[in-house]
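Report on one structure; see the data block that follows.
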Amino acid sequence: MGFVEYLRARHALLVYAIVVGAVVAFITGSVDYGIHNARHCTDSGRLCVPMHVSLAGGTSKILLGIVLGSASFVTMILATTLAASLNKENGRGGFAFTKPLARERVALTYMGIDFVTILIAYAYTVAVCFAALAVLGIAGKVVADPNAAPIAAGGLGAATMWYGLIQVATALRISGGGLVIGLSWPLFILARGAYSIGFFGAGFHAVVAALDHLNPLAYFAFTGHPDEVHLVSLFGYSATTCIAATWIIAIVACVVAIGEWKQLEV
Amino acid sequence: MNTISIRNFTKRYGEQVAVDALNLDVEPGTVCGLLGPNGSGKTTTFKSLLGLIRPTTGEFTIEGKPLTPATFETLAYVPERATLYEWMTVAQHFELYRRTYARFDPARAAELGALFKLDSRKKTKRLSKGQQTAVQIALAFSIRPNVFVLDEPASGLDPIFQRAVLDLIIDAAAGGATVLFSSHQIGQVERAANRVAILKGGKLVLDGDLDTLKGDQKIVEAVFDSEAYSVNGLASDPRIRRIDRNGRILRAYVKSGAPEIAHELEGLGPKAVSIYDLSLEDIFLGAVSDSAATNGTH
(Lines give C-alpha, C1' and ligand atoms only; values in the text may rest on other atoms or scores of the structure.)
Protein backbone atom coordinates (compact mmCIF):
# COMPACT_ATOMS: atom_id res chain seq x y z
CA MET A 1 0.00 0.00 0.00
CA GLY A 2 3.03 2.24 0.35
CA PHE A 3 2.93 2.56 -3.43
CA VAL A 4 -0.36 4.46 -3.19
CA GLU A 5 1.02 6.95 -0.68
CA TYR A 6 4.23 7.25 -2.66
CA LEU A 7 2.21 8.29 -5.72
CA ARG A 8 0.09 10.68 -3.65
CA ALA A 9 3.13 12.26 -2.00
CA ARG A 10 4.97 12.53 -5.30
CA HIS A 11 2.03 14.34 -6.84
CA ALA A 12 1.66 16.67 -3.84
CA LEU A 13 5.38 17.43 -3.92
CA LEU A 14 5.28 18.17 -7.64
CA VAL A 15 2.37 20.59 -7.25
CA TYR A 16 4.07 22.18 -4.23
CA ALA A 17 7.34 22.56 -6.10
CA ILE A 18 5.64 24.23 -9.06
CA VAL A 19 3.55 26.60 -6.94
CA VAL A 20 6.35 27.57 -4.55
CA GLY A 21 8.82 27.91 -7.41
CA ALA A 22 6.39 30.07 -9.39
CA VAL A 23 5.54 32.33 -6.44
CA VAL A 24 9.19 32.81 -5.46
CA ALA A 25 10.14 33.39 -9.11
CA PHE A 26 7.40 36.02 -9.45
CA ILE A 27 8.46 37.84 -6.30
CA THR A 28 12.13 37.64 -7.20
CA GLY A 29 11.44 38.82 -10.75
CA SER A 30 9.36 41.72 -9.48
CA VAL A 31 12.06 42.83 -7.08
CA ASP A 32 14.73 42.39 -9.73
CA TYR A 33 12.69 44.41 -12.23
CA GLY A 34 12.25 47.14 -9.65
CA ILE A 35 15.98 47.28 -9.05
CA HIS A 36 16.86 47.55 -12.73
CA ASN A 37 14.13 49.96 -13.71
CA ALA A 38 14.20 52.32 -10.76
CA ARG A 39 13.76 56.00 -11.70
CA HIS A 40 14.20 59.13 -9.74
CA CYS A 41 11.45 61.55 -10.73
CA THR A 42 11.14 65.23 -10.05
CA ASP A 43 8.87 68.11 -11.11
CA SER A 44 5.62 66.18 -10.48
CA GLY A 45 6.87 63.16 -12.38
CA ARG A 46 7.62 64.92 -15.66
CA LEU A 47 11.36 64.54 -15.32
CA CYS A 48 12.63 61.04 -14.46
CA VAL A 49 16.17 59.76 -14.59
CA PRO A 50 17.50 56.22 -14.12
CA MET A 51 18.60 55.50 -10.61
CA HIS A 52 21.08 52.89 -9.40
CA VAL A 53 19.66 50.62 -6.72
CA SER A 54 21.51 47.69 -5.19
CA LEU A 55 20.34 45.38 -2.43
CA ALA A 56 23.96 44.43 -1.89
CA GLY A 57 24.65 47.71 -0.19
CA GLY A 58 21.48 47.90 1.89
CA THR A 59 21.71 44.97 4.21
CA SER A 60 24.79 43.96 6.06
CA LYS A 61 23.77 40.32 6.58
CA ILE A 62 20.88 37.87 6.38
CA LEU A 63 20.71 35.38 9.21
CA LEU A 64 20.33 31.75 8.16
CA GLY A 65 17.66 31.32 10.85
CA ILE A 66 15.38 33.75 8.99
CA VAL A 67 15.70 31.71 5.78
CA LEU A 68 15.11 28.39 7.56
CA GLY A 69 12.23 29.78 9.61
CA SER A 70 10.51 31.25 6.55
CA ALA A 71 10.92 27.94 4.71
CA SER A 72 9.31 26.17 7.69
CA PHE A 73 6.13 28.20 7.39
CA VAL A 74 5.87 27.44 3.69
CA THR A 75 6.56 23.73 4.29
CA MET A 76 3.62 23.60 6.71
CA ILE A 77 1.34 24.00 3.69
CA LEU A 78 2.60 20.73 2.23
CA ALA A 79 2.55 19.01 5.63
CA THR A 80 -1.12 19.80 6.04
CA THR A 81 -2.07 18.72 2.53
CA LEU A 82 -0.50 15.30 3.18
CA ALA A 83 -1.94 15.04 6.68
CA ALA A 84 -5.22 13.22 6.01
CA SER A 85 -3.53 10.25 4.34
CA LEU A 86 -5.22 7.67 6.60
CA ASN A 87 -8.59 9.34 6.13
CA LYS A 88 -8.23 9.03 2.36
CA GLU A 89 -8.49 5.24 2.70
CA ASN A 90 -11.60 5.26 4.84
CA GLY A 91 -14.21 5.78 2.14
CA ARG A 92 -12.95 2.95 -0.05
CA GLY A 93 -15.00 0.07 1.32
CA GLY A 94 -12.02 -1.51 3.00
CA PHE A 95 -9.68 -1.56 0.00
CA ALA A 96 -6.63 -0.95 2.18
CA PHE A 97 -7.92 -3.17 5.00
CA THR A 98 -8.35 -6.28 2.88
CA LYS A 99 -4.72 -6.54 1.87
CA PRO A 100 -2.14 -8.86 3.46
CA LEU A 101 -0.75 -6.04 5.56
CA ALA A 102 -1.54 -5.09 9.16
CA ARG A 103 -3.27 -1.73 9.44
CA GLU A 104 -0.60 -0.31 11.72
CA ARG A 105 2.04 -1.25 9.19
CA VAL A 106 0.11 0.50 6.43
CA ALA A 107 -0.31 3.57 8.67
CA LEU A 108 3.38 3.66 9.61
CA THR A 109 4.36 3.30 5.96
CA TYR A 110 2.08 6.17 4.99
CA MET A 111 3.40 8.39 7.78
CA GLY A 112 7.01 7.53 6.95
CA ILE A 113 6.53 8.44 3.30
CA ASP A 114 4.74 11.65 4.28
CA PHE A 115 7.51 12.64 6.68
CA VAL A 116 10.23 12.07 4.09
CA THR A 117 8.17 14.15 1.65
CA ILE A 118 7.94 16.97 4.21
CA LEU A 119 11.73 16.88 4.62
CA ILE A 120 12.25 16.99 0.86
CA ALA A 121 9.80 19.89 0.55
CA TYR A 122 11.64 21.73 3.32
CA ALA A 123 15.01 21.23 1.64
CA TYR A 124 13.52 22.32 -1.69
CA THR A 125 12.02 25.46 -0.14
CA VAL A 126 15.32 26.41 1.46
CA ALA A 127 17.06 25.84 -1.88
CA VAL A 128 14.51 28.01 -3.71
CA CYS A 129 15.04 30.77 -1.12
CA PHE A 130 18.80 30.65 -1.71
CA ALA A 131 18.28 30.68 -5.47
CA ALA A 132 16.12 33.78 -5.16
CA LEU A 133 18.71 35.51 -3.00
CA ALA A 134 21.38 34.55 -5.55
CA VAL A 135 19.36 36.10 -8.38
CA LEU A 136 19.10 39.28 -6.35
CA GLY A 137 22.83 39.15 -5.72
CA ILE A 138 22.63 38.87 -1.94
CA ALA A 139 23.10 35.14 -1.36
CA GLY A 140 26.57 35.87 -0.07
CA LYS A 141 25.10 37.89 2.76
CA VAL A 142 23.51 34.85 4.37
CA VAL A 143 25.44 34.00 7.50
CA ALA A 144 25.14 31.08 9.87
CA ASP A 145 23.81 31.92 13.27
CA PRO A 146 23.59 29.82 16.43
CA ASN A 147 19.78 29.94 16.46
CA ALA A 148 19.37 28.56 12.93
CA ALA A 149 19.36 24.92 14.01
CA PRO A 150 16.75 25.42 16.79
CA ILE A 151 14.57 27.37 14.37
CA ALA A 152 14.81 24.60 11.77
CA ALA A 153 14.06 21.93 14.40
CA GLY A 154 11.15 23.94 15.76
CA GLY A 155 9.77 24.68 12.31
CA LEU A 156 9.88 21.06 11.20
CA GLY A 157 8.48 20.04 14.59
CA ALA A 158 5.55 22.42 14.21
CA ALA A 159 4.86 21.17 10.66
CA THR A 160 4.97 17.55 11.86
CA MET A 161 2.81 18.38 14.90
CA TRP A 162 0.21 19.95 12.62
CA TYR A 163 0.35 16.85 10.41
CA GLY A 164 -0.18 14.58 13.43
CA LEU A 165 -3.08 16.58 14.81
CA ILE A 166 -4.92 16.41 11.48
CA GLN A 167 -4.29 12.66 11.35
CA VAL A 168 -5.91 12.31 14.80
CA ALA A 169 -8.85 14.49 13.79
CA THR A 170 -9.50 12.59 10.56
CA ALA A 171 -8.44 8.97 11.15
CA LEU A 172 -11.91 7.93 12.30
CA ARG A 173 -13.85 9.97 9.77
CA ILE A 174 -15.05 8.26 6.61
CA SER A 175 -14.67 11.47 4.60
CA GLY A 176 -14.11 15.20 5.13
CA GLY A 177 -10.33 15.11 5.51
CA GLY A 178 -9.96 18.08 3.17
CA LEU A 179 -12.43 20.11 5.21
CA VAL A 180 -10.50 19.48 8.42
CA ILE A 181 -7.26 20.49 6.70
CA GLY A 182 -8.86 23.68 5.38
CA LEU A 183 -10.39 24.62 8.71
CA SER A 184 -7.19 23.96 10.64
CA TRP A 185 -5.48 26.99 9.10
CA PRO A 186 -7.95 29.71 10.18
CA LEU A 187 -8.49 27.85 13.46
CA PHE A 188 -4.82 27.82 14.44
CA ILE A 189 -4.17 31.35 13.16
CA LEU A 190 -7.21 32.75 14.97
CA ALA A 191 -6.45 30.77 18.13
CA ARG A 192 -2.95 32.19 18.19
CA GLY A 193 -4.26 35.71 17.67
CA ALA A 194 -7.03 35.26 20.24
CA TYR A 195 -4.46 34.53 22.94
CA SER A 196 -3.35 38.13 22.78
CA ILE A 197 -6.89 39.52 23.03
CA GLY A 198 -7.64 40.64 26.54
CA PHE A 199 -11.16 41.99 26.33
CA PHE A 200 -13.18 38.78 26.62
CA GLY A 201 -12.17 38.19 30.21
CA ALA A 202 -10.01 35.74 32.08
CA GLY A 203 -12.25 32.74 31.36
CA PHE A 204 -11.99 33.20 27.61
CA HIS A 205 -8.27 33.68 27.88
CA ALA A 206 -7.88 30.49 29.91
CA VAL A 207 -9.83 28.48 27.33
CA VAL A 208 -7.82 29.92 24.44
CA ALA A 209 -4.57 29.31 26.31
CA ALA A 210 -5.53 25.69 26.88
CA LEU A 211 -6.42 25.22 23.20
CA ASP A 212 -3.26 26.97 22.11
CA HIS A 213 -1.18 24.31 23.83
CA LEU A 214 -2.27 22.11 20.92
CA ASN A 215 -1.59 24.82 18.35
CA PRO A 216 1.62 24.36 16.36
CA LEU A 217 1.73 28.08 15.63
CA ALA A 218 1.86 28.74 19.37
CA TYR A 219 5.21 26.97 19.57
CA PHE A 220 6.80 28.33 16.46
CA ALA A 221 7.53 31.91 15.63
CA PHE A 222 10.78 33.72 15.27
CA THR A 223 11.55 37.27 16.08
CA GLY A 224 14.44 39.62 16.75
CA HIS A 225 16.41 42.06 14.67
CA PRO A 226 18.79 41.65 11.74
CA ASP A 227 21.66 40.75 14.03
CA GLU A 228 19.87 38.17 16.11
CA VAL A 229 16.79 36.01 15.63
CA HIS A 230 15.14 33.71 18.18
CA LEU A 231 12.58 30.92 18.25
CA VAL A 232 9.75 32.20 20.42
CA SER A 233 6.61 30.62 21.77
CA LEU A 234 3.29 32.17 22.67
CA PHE A 235 3.75 31.08 26.25
CA GLY A 236 7.31 32.28 26.70
CA TYR A 237 8.77 28.77 26.77
CA SER A 238 12.41 28.24 25.95
CA ALA A 239 13.43 27.14 22.45
CA THR A 240 14.31 23.68 23.78
CA THR A 241 10.89 23.30 25.40
CA CYS A 242 9.14 24.41 22.22
CA ILE A 243 11.09 21.99 20.05
CA ALA A 244 10.51 19.12 22.46
CA ALA A 245 6.80 19.95 22.78
CA THR A 246 6.18 20.01 19.02
CA TRP A 247 7.94 16.71 18.40
CA ILE A 248 6.38 14.96 21.40
CA ILE A 249 2.88 16.13 20.43
CA ALA A 250 3.58 15.10 16.82
CA ILE A 251 4.65 11.59 17.81
CA VAL A 252 1.83 11.12 20.34
CA ALA A 253 -0.72 12.37 17.79
CA CYS A 254 0.54 9.93 15.16
CA VAL A 255 0.43 7.02 17.63
CA VAL A 256 -3.14 7.95 18.66
CA ALA A 257 -4.16 8.25 15.00
CA ILE A 258 -2.78 4.77 14.25
CA GLY A 259 -4.66 3.39 17.27
CA GLU A 260 -7.89 4.99 16.06
CA TRP A 261 -7.40 3.78 12.52
CA LYS A 262 -6.78 0.23 13.69
CA GLN A 263 -10.19 0.21 15.34
CA LEU A 264 -12.05 1.85 12.48
CA GLU A 265 -15.08 0.06 11.06
CA VAL A 266 -15.89 0.78 7.43
CA MET B 1 -12.51 -28.56 7.15
CA ASN B 2 -14.79 -25.81 5.87
CA THR B 3 -13.11 -23.02 3.95
CA ILE B 4 -15.44 -20.41 5.40
CA SER B 5 -17.09 -20.93 8.75
CA ILE B 6 -19.43 -18.43 10.38
CA ARG B 7 -20.58 -19.38 13.86
CA ASN B 8 -23.40 -17.73 15.79
CA PHE B 9 -22.81 -14.36 14.13
CA THR B 10 -24.98 -11.52 15.36
CA LYS B 11 -24.55 -7.85 14.53
CA ARG B 12 -26.62 -5.20 16.25
CA TYR B 13 -26.64 -1.47 15.62
CA GLY B 14 -28.22 -0.19 18.80
CA GLU B 15 -31.66 -1.78 18.99
CA GLN B 16 -31.60 -2.83 15.35
CA VAL B 17 -30.46 -6.36 14.59
CA ALA B 18 -28.71 -6.47 11.21
CA VAL B 19 -27.78 -10.15 11.38
CA ASP B 20 -29.19 -12.59 13.88
CA ALA B 21 -27.38 -15.75 15.00
CA LEU B 22 -26.10 -16.69 11.56
CA ASN B 23 -24.35 -20.01 11.09
CA LEU B 24 -22.92 -20.74 7.68
CA ASP B 25 -20.26 -23.16 6.48
CA VAL B 26 -18.87 -23.17 2.98
CA GLU B 27 -16.94 -26.25 1.94
CA PRO B 28 -13.83 -26.17 -0.27
CA GLY B 29 -14.53 -25.84 -3.97
CA THR B 30 -18.06 -24.63 -3.37
CA VAL B 31 -19.65 -21.65 -5.08
CA CYS B 32 -22.11 -20.35 -2.52
CA GLY B 33 -24.58 -17.69 -3.55
CA LEU B 34 -25.72 -15.52 -0.68
CA LEU B 35 -29.10 -14.08 -1.55
CA GLY B 36 -31.48 -11.75 0.18
CA PRO B 37 -33.50 -8.59 -0.27
CA ASN B 38 -31.87 -5.20 0.31
CA GLY B 39 -31.01 -4.77 3.98
CA SER B 40 -31.11 -8.48 4.69
CA GLY B 41 -27.56 -8.51 6.07
CA LYS B 42 -25.47 -9.80 3.15
CA THR B 43 -22.95 -6.95 3.10
CA THR B 44 -22.82 -6.85 6.90
CA THR B 45 -21.97 -10.55 6.86
CA PHE B 46 -19.22 -10.05 4.27
CA LYS B 47 -17.74 -7.10 6.15
CA SER B 48 -17.74 -8.92 9.47
CA LEU B 49 -16.18 -11.97 7.88
CA LEU B 50 -13.38 -9.74 6.53
CA GLY B 51 -12.84 -7.81 9.76
CA LEU B 52 -14.14 -4.53 8.38
CA ILE B 53 -16.77 -4.32 11.09
CA ARG B 54 -16.80 -5.98 14.49
CA PRO B 55 -19.50 -8.56 15.17
CA THR B 56 -21.63 -8.20 18.28
CA THR B 57 -21.13 -11.92 18.79
CA GLY B 58 -19.83 -14.72 16.66
CA GLU B 59 -16.72 -16.34 15.31
CA PHE B 60 -15.32 -16.55 11.82
CA THR B 61 -12.67 -18.79 10.40
CA ILE B 62 -11.22 -18.88 6.91
CA GLU B 63 -9.38 -22.02 5.87
CA GLY B 64 -9.63 -23.13 9.50
CA LYS B 65 -7.98 -20.07 11.02
CA PRO B 66 -9.18 -16.78 12.44
CA LEU B 67 -8.71 -13.80 10.15
CA THR B 68 -5.24 -12.19 10.15
CA PRO B 69 -3.60 -9.88 7.61
CA ALA B 70 -1.89 -12.97 6.16
CA THR B 71 -5.32 -14.41 5.33
CA PHE B 72 -5.65 -11.81 2.59
CA GLU B 73 -2.67 -13.27 0.76
CA THR B 74 -5.05 -16.02 -0.40
CA LEU B 75 -8.38 -14.23 -0.15
CA ALA B 76 -9.77 -11.80 -2.70
CA TYR B 77 -12.57 -9.42 -1.87
CA VAL B 78 -14.61 -7.42 -4.34
CA PRO B 79 -16.85 -4.93 -2.54
CA GLU B 80 -20.32 -3.90 -3.57
CA ARG B 81 -19.15 -0.53 -4.88
CA ALA B 82 -15.97 -0.02 -6.87
CA THR B 83 -13.42 1.47 -4.49
CA LEU B 84 -10.47 2.05 -6.76
CA TYR B 85 -8.18 5.07 -6.51
CA GLU B 86 -9.80 7.36 -9.05
CA TRP B 87 -6.57 9.28 -9.68
CA MET B 88 -4.54 6.15 -10.41
CA THR B 89 -4.37 4.40 -13.76
CA VAL B 90 -5.40 0.80 -14.32
CA ALA B 91 -1.72 -0.12 -14.75
CA GLN B 92 -0.86 1.51 -11.42
CA HIS B 93 -3.53 -0.60 -9.71
CA PHE B 94 -1.97 -3.74 -11.12
CA GLU B 95 1.44 -2.47 -10.01
CA LEU B 96 0.02 -1.95 -6.52
CA TYR B 97 -1.14 -5.57 -6.49
CA ARG B 98 2.21 -6.78 -7.80
CA ARG B 99 3.95 -5.05 -4.90
CA THR B 100 1.38 -6.19 -2.33
CA TYR B 101 0.70 -9.85 -3.16
CA ALA B 102 3.33 -12.55 -3.30
CA ARG B 103 0.96 -14.63 -5.46
CA PHE B 104 0.30 -11.92 -8.03
CA ASP B 105 0.45 -13.42 -11.50
CA PRO B 106 1.34 -10.79 -14.14
CA ALA B 107 0.46 -13.11 -17.01
CA ARG B 108 -2.97 -13.74 -15.51
CA ALA B 109 -3.41 -9.98 -14.97
CA ALA B 110 -2.60 -9.31 -18.63
CA GLU B 111 -5.00 -12.03 -19.70
CA LEU B 112 -7.81 -10.58 -17.57
CA GLY B 113 -7.05 -7.05 -18.76
CA ALA B 114 -7.47 -8.27 -22.32
CA LEU B 115 -10.63 -10.21 -21.44
CA PHE B 116 -12.31 -7.08 -20.07
CA LYS B 117 -10.71 -4.82 -22.72
CA LEU B 118 -9.14 -2.59 -20.07
CA ASP B 119 -7.04 0.36 -21.19
CA SER B 120 -4.16 0.21 -18.73
CA ARG B 121 -3.19 3.86 -19.30
CA LYS B 122 -6.57 5.22 -18.30
CA LYS B 123 -7.20 6.71 -14.91
CA THR B 124 -10.00 4.81 -13.22
CA LYS B 125 -12.10 7.97 -12.85
CA ARG B 126 -12.35 7.93 -16.66
CA LEU B 127 -13.82 4.42 -16.64
CA SER B 128 -17.51 3.59 -16.60
CA LYS B 129 -18.99 1.92 -13.52
CA GLY B 130 -18.92 -1.41 -15.30
CA GLN B 131 -15.28 -0.98 -16.33
CA GLN B 132 -14.36 -0.10 -12.74
CA THR B 133 -16.05 -3.29 -11.59
CA ALA B 134 -14.12 -5.17 -14.27
CA VAL B 135 -10.83 -3.74 -12.94
CA GLN B 136 -11.71 -4.95 -9.46
CA ILE B 137 -12.59 -8.38 -10.78
CA ALA B 138 -9.35 -8.54 -12.76
CA LEU B 139 -7.34 -7.51 -9.68
CA ALA B 140 -9.09 -10.11 -7.53
CA PHE B 141 -8.48 -12.96 -9.94
CA SER B 142 -4.90 -11.93 -10.73
CA ILE B 143 -3.67 -13.03 -7.31
CA ARG B 144 -4.99 -16.58 -7.82
CA PRO B 145 -6.64 -16.75 -4.39
CA ASN B 146 -8.04 -19.81 -2.63
CA VAL B 147 -11.08 -17.91 -1.38
CA PHE B 148 -13.22 -15.30 -3.07
CA VAL B 149 -15.67 -13.05 -1.27
CA LEU B 150 -17.56 -11.17 -3.94
CA ASP B 151 -20.29 -8.67 -3.11
CA GLU B 152 -22.32 -8.09 -6.28
CA PRO B 153 -19.34 -8.92 -8.51
CA ALA B 154 -21.12 -8.35 -11.81
CA SER B 155 -22.81 -5.10 -10.84
CA GLY B 156 -22.84 -2.61 -13.69
CA LEU B 157 -21.35 -5.02 -16.22
CA ASP B 158 -22.96 -5.63 -19.58
CA PRO B 159 -24.34 -9.13 -20.25
CA ILE B 160 -21.18 -10.22 -22.08
CA PHE B 161 -18.90 -9.29 -19.19
CA GLN B 162 -21.41 -10.64 -16.66
CA ARG B 163 -21.09 -13.96 -18.39
CA ALA B 164 -17.31 -13.64 -18.34
CA VAL B 165 -17.35 -13.04 -14.58
CA LEU B 166 -19.56 -16.07 -14.01
CA ASP B 167 -17.22 -18.16 -16.12
CA LEU B 168 -14.27 -16.95 -14.05
CA ILE B 169 -16.09 -17.93 -10.85
CA ILE B 170 -16.99 -21.37 -12.18
CA ASP B 171 -13.44 -21.86 -13.48
CA ALA B 172 -11.92 -20.83 -10.13
CA ALA B 173 -14.17 -23.26 -8.27
CA ALA B 174 -13.25 -26.02 -10.70
CA GLY B 175 -9.64 -25.29 -9.80
CA GLY B 176 -10.39 -25.79 -6.11
CA ALA B 177 -11.17 -22.23 -5.00
CA THR B 178 -14.09 -21.45 -2.73
CA VAL B 179 -16.43 -18.63 -3.66
CA LEU B 180 -18.95 -16.80 -1.50
CA PHE B 181 -20.82 -14.24 -3.53
CA SER B 182 -23.96 -12.19 -3.52
CA SER B 183 -26.05 -10.95 -6.39
CA HIS B 184 -29.49 -9.51 -6.93
CA GLN B 185 -29.50 -11.16 -10.33
CA ILE B 186 -30.77 -14.57 -9.45
CA GLY B 187 -30.04 -15.95 -12.88
CA GLN B 188 -26.34 -15.34 -12.25
CA VAL B 189 -26.47 -17.20 -8.96
CA GLU B 190 -28.40 -20.05 -10.51
CA ARG B 191 -25.80 -20.38 -13.23
CA ALA B 192 -22.69 -20.19 -11.07
CA ALA B 193 -23.64 -21.45 -7.61
CA ASN B 194 -24.00 -25.01 -6.44
CA ARG B 195 -25.02 -23.89 -2.98
CA VAL B 196 -27.45 -21.18 -1.93
CA ALA B 197 -28.03 -19.39 1.36
CA ILE B 198 -30.88 -16.93 1.66
CA LEU B 199 -31.04 -14.19 4.27
CA LYS B 200 -34.14 -12.31 5.26
CA GLY B 201 -34.18 -9.66 7.94
CA GLY B 202 -30.77 -10.80 9.12
CA LYS B 203 -31.83 -14.41 9.56
CA LEU B 204 -30.86 -17.39 7.45
CA VAL B 205 -34.15 -18.62 6.05
CA LEU B 206 -32.88 -21.15 3.55
CA ASP B 207 -29.57 -22.88 3.03
CA GLY B 208 -28.66 -25.85 0.95
CA ASP B 209 -27.39 -27.46 -2.17
CA LEU B 210 -29.16 -25.93 -5.17
CA ASP B 211 -30.11 -29.23 -6.77
CA THR B 212 -31.45 -30.52 -3.46
CA LEU B 213 -33.47 -27.36 -2.91
CA LYS B 214 -34.99 -27.67 -6.34
CA GLY B 215 -35.44 -31.41 -5.91
CA ASP B 216 -38.64 -32.67 -7.47
CA GLN B 217 -40.50 -29.51 -6.61
CA LYS B 218 -42.80 -28.05 -9.24
CA ILE B 219 -45.10 -25.11 -9.61
CA VAL B 220 -48.62 -25.78 -10.72
CA GLU B 221 -50.08 -22.58 -12.13
CA ALA B 222 -53.76 -22.06 -12.86
CA VAL B 223 -55.30 -18.98 -14.51
CA PHE B 224 -58.99 -18.37 -13.80
CA ASP B 225 -61.55 -16.13 -15.50
CA SER B 226 -62.13 -14.10 -12.38
CA GLU B 227 -60.63 -13.58 -8.97
CA ALA B 228 -63.59 -15.27 -7.34
CA TYR B 229 -62.47 -18.86 -7.22
CA SER B 230 -62.15 -21.30 -4.37
CA VAL B 231 -59.22 -23.65 -3.82
CA ASN B 232 -61.34 -25.89 -1.58
CA GLY B 233 -59.14 -28.32 0.34
CA LEU B 234 -55.93 -27.73 -1.63
CA ALA B 235 -54.48 -25.41 1.01
CA SER B 236 -54.23 -28.25 3.49
CA ASP B 237 -52.88 -30.81 1.01
CA PRO B 238 -49.61 -32.14 2.48
CA ARG B 239 -48.08 -32.38 -1.02
CA ILE B 240 -48.38 -28.59 -1.39
CA ARG B 241 -45.75 -26.49 0.36
CA ARG B 242 -47.35 -23.14 -0.32
CA ILE B 243 -50.09 -21.49 -2.36
CA ASP B 244 -49.81 -17.98 -3.78
CA ARG B 245 -52.92 -16.20 -5.06
CA ASN B 246 -52.29 -13.19 -7.23
CA GLY B 247 -55.55 -11.95 -8.75
CA ARG B 248 -56.76 -14.51 -11.27
CA ILE B 249 -53.51 -16.48 -11.04
CA LEU B 250 -52.94 -19.26 -8.52
CA ARG B 251 -49.55 -20.87 -8.00
CA ALA B 252 -49.15 -23.99 -5.93
CA TYR B 253 -45.58 -24.92 -4.87
CA VAL B 254 -45.74 -28.67 -4.96
CA LYS B 255 -43.34 -31.07 -3.25
CA SER B 256 -44.70 -34.13 -5.08
CA GLY B 257 -47.64 -35.28 -7.19
CA ALA B 258 -47.72 -32.25 -9.51
CA PRO B 259 -49.79 -33.97 -12.28
CA GLU B 260 -52.43 -35.08 -9.78
CA ILE B 261 -52.70 -31.62 -8.27
CA ALA B 262 -52.91 -30.09 -11.75
CA HIS B 263 -55.76 -32.49 -12.46
CA GLU B 264 -57.52 -31.42 -9.26
CA LEU B 265 -57.09 -27.75 -10.21
CA GLU B 266 -58.59 -28.43 -13.64
CA GLY B 267 -61.70 -29.53 -11.79
CA LEU B 268 -62.06 -25.95 -10.47
CA GLY B 269 -62.65 -24.66 -14.00
CA PRO B 270 -59.61 -22.51 -14.78
CA LYS B 271 -58.82 -21.17 -18.28
CA ALA B 272 -55.45 -22.93 -18.23
CA VAL B 273 -53.26 -25.07 -15.97
CA SER B 274 -49.48 -25.44 -16.42
CA ILE B 275 -46.70 -27.26 -14.59
CA TYR B 276 -43.25 -25.64 -14.28
CA ASP B 277 -39.94 -26.70 -12.79
CA LEU B 278 -39.04 -24.70 -9.72
CA SER B 279 -36.40 -22.06 -10.47
CA LEU B 280 -34.04 -20.43 -7.99
CA GLU B 281 -36.11 -17.27 -8.36
CA ASP B 282 -39.17 -19.22 -7.21
CA ILE B 283 -37.20 -20.65 -4.29
CA PHE B 284 -35.92 -17.17 -3.40
CA LEU B 285 -39.31 -15.49 -3.63
CA GLY B 286 -40.85 -18.31 -1.67
CA ALA B 287 -38.22 -17.96 1.05
CA VAL B 288 -38.37 -14.18 1.41
CA SER B 289 -42.09 -13.56 0.92
CA ASP B 290 -43.92 -12.51 4.07
CA SER B 291 -46.00 -15.69 4.07
CA ALA B 292 -43.00 -17.94 3.53
CA ALA B 293 -42.57 -20.89 5.75
CA THR B 294 -39.03 -21.66 6.86
CA ASN B 295 -39.35 -25.39 6.41
CA GLY B 296 -36.47 -25.35 3.95
CA THR B 297 -34.00 -24.12 6.51
CA HIS B 298 -31.59 -26.56 7.98
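Quick caveat, the model's predicted, so the values are computed rather than measured. Each chain gets a letter, A, B and so on, in the order the sequences are listed, and its residues count up from 1. FYI, side chains are in, hydrogens and waters are out, and symmetry mates aren't considered; it's all heavy atoms of this structure.
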Inter-chain contacts: residues 134-159 of chain B against chain A, heavy atoms under 4.5 Å: B:Gln136
A:Tyr6 OH: over 12 foreign heavy atoms closer than 6.0 Å: no
Spacing of CZ belonging to A:Phe3 relative to OG1 belonging to B:Thr100, to within rounding of 0.5 Å: 9.5 Å
Distance-minimising heavy-atom pair for B:Leu96 and A:Phe95: CD2-CE2, 3.7 Å
B:Gln92 CD to A:Leu7 CG distance, which is reported to the nearest 0.5 Å: 5.0 Å
Side chain to side chain, A:Lys88 and B:Tyr85, heavy atoms closer than 4.5 Å: no
A:Phe97 side chain near B:Leu50 side chain, heavy-atom distance below 4.5 Å: no
Flag if over 12 foreign heavy atoms under 6.0 Å of CZ, B:Arg54: yes
Closest heavy-atom pair and its distance - B:Leu52, A:Gly94: CD2-CA, 3.8 Å
Leading residue by heavy atom contact count with chain B [cutoff under 4.5 Å; candidates A:Glu265, A:His11, A:Glu89]: A:Glu265
Portion of A:Gln263 that has a non-hydrogen atom of chain B nearer than 4.5 angstrom: both
Salt bridge (charged side-chain N to carboxylate O under 4.0 Å, His left out) partners for B:Arg81, two or more places apart: none
Contacts of residues 58-80 of chain B with chain A (heavy atom under 4.5 Å): B:Pro69, B:Phe72, B:Glu73, B:Tyr77, B:Pro79
Atom pair CZ/CD of A:Arg92 and B:Glu86 - distance to nearest 0.5 Å: 4.5 Å
Greater than 12 external heavy atoms within 6.0 Å of B:Arg103's CZ: yes
Residues of residues 169-186 of chain A within contact distance of chain B, non-hydrogen under 4.5 Å: none
Within 6.0 Å of CZ in B:Arg163, more than 12 heavy atoms from elsewhere: no
Which atom of B:Tyr101 lies closest to which atom of A:Thr98, heavy atoms considered: OH-O, 3.4 Å
Structural part of A:Arg103 lying under 4.5 Å from a heavy atom of chain B: side chain
Interchain contact, B:Arg99 with chain A, by part (heavy-atom threshold 4.5 Å): side chain
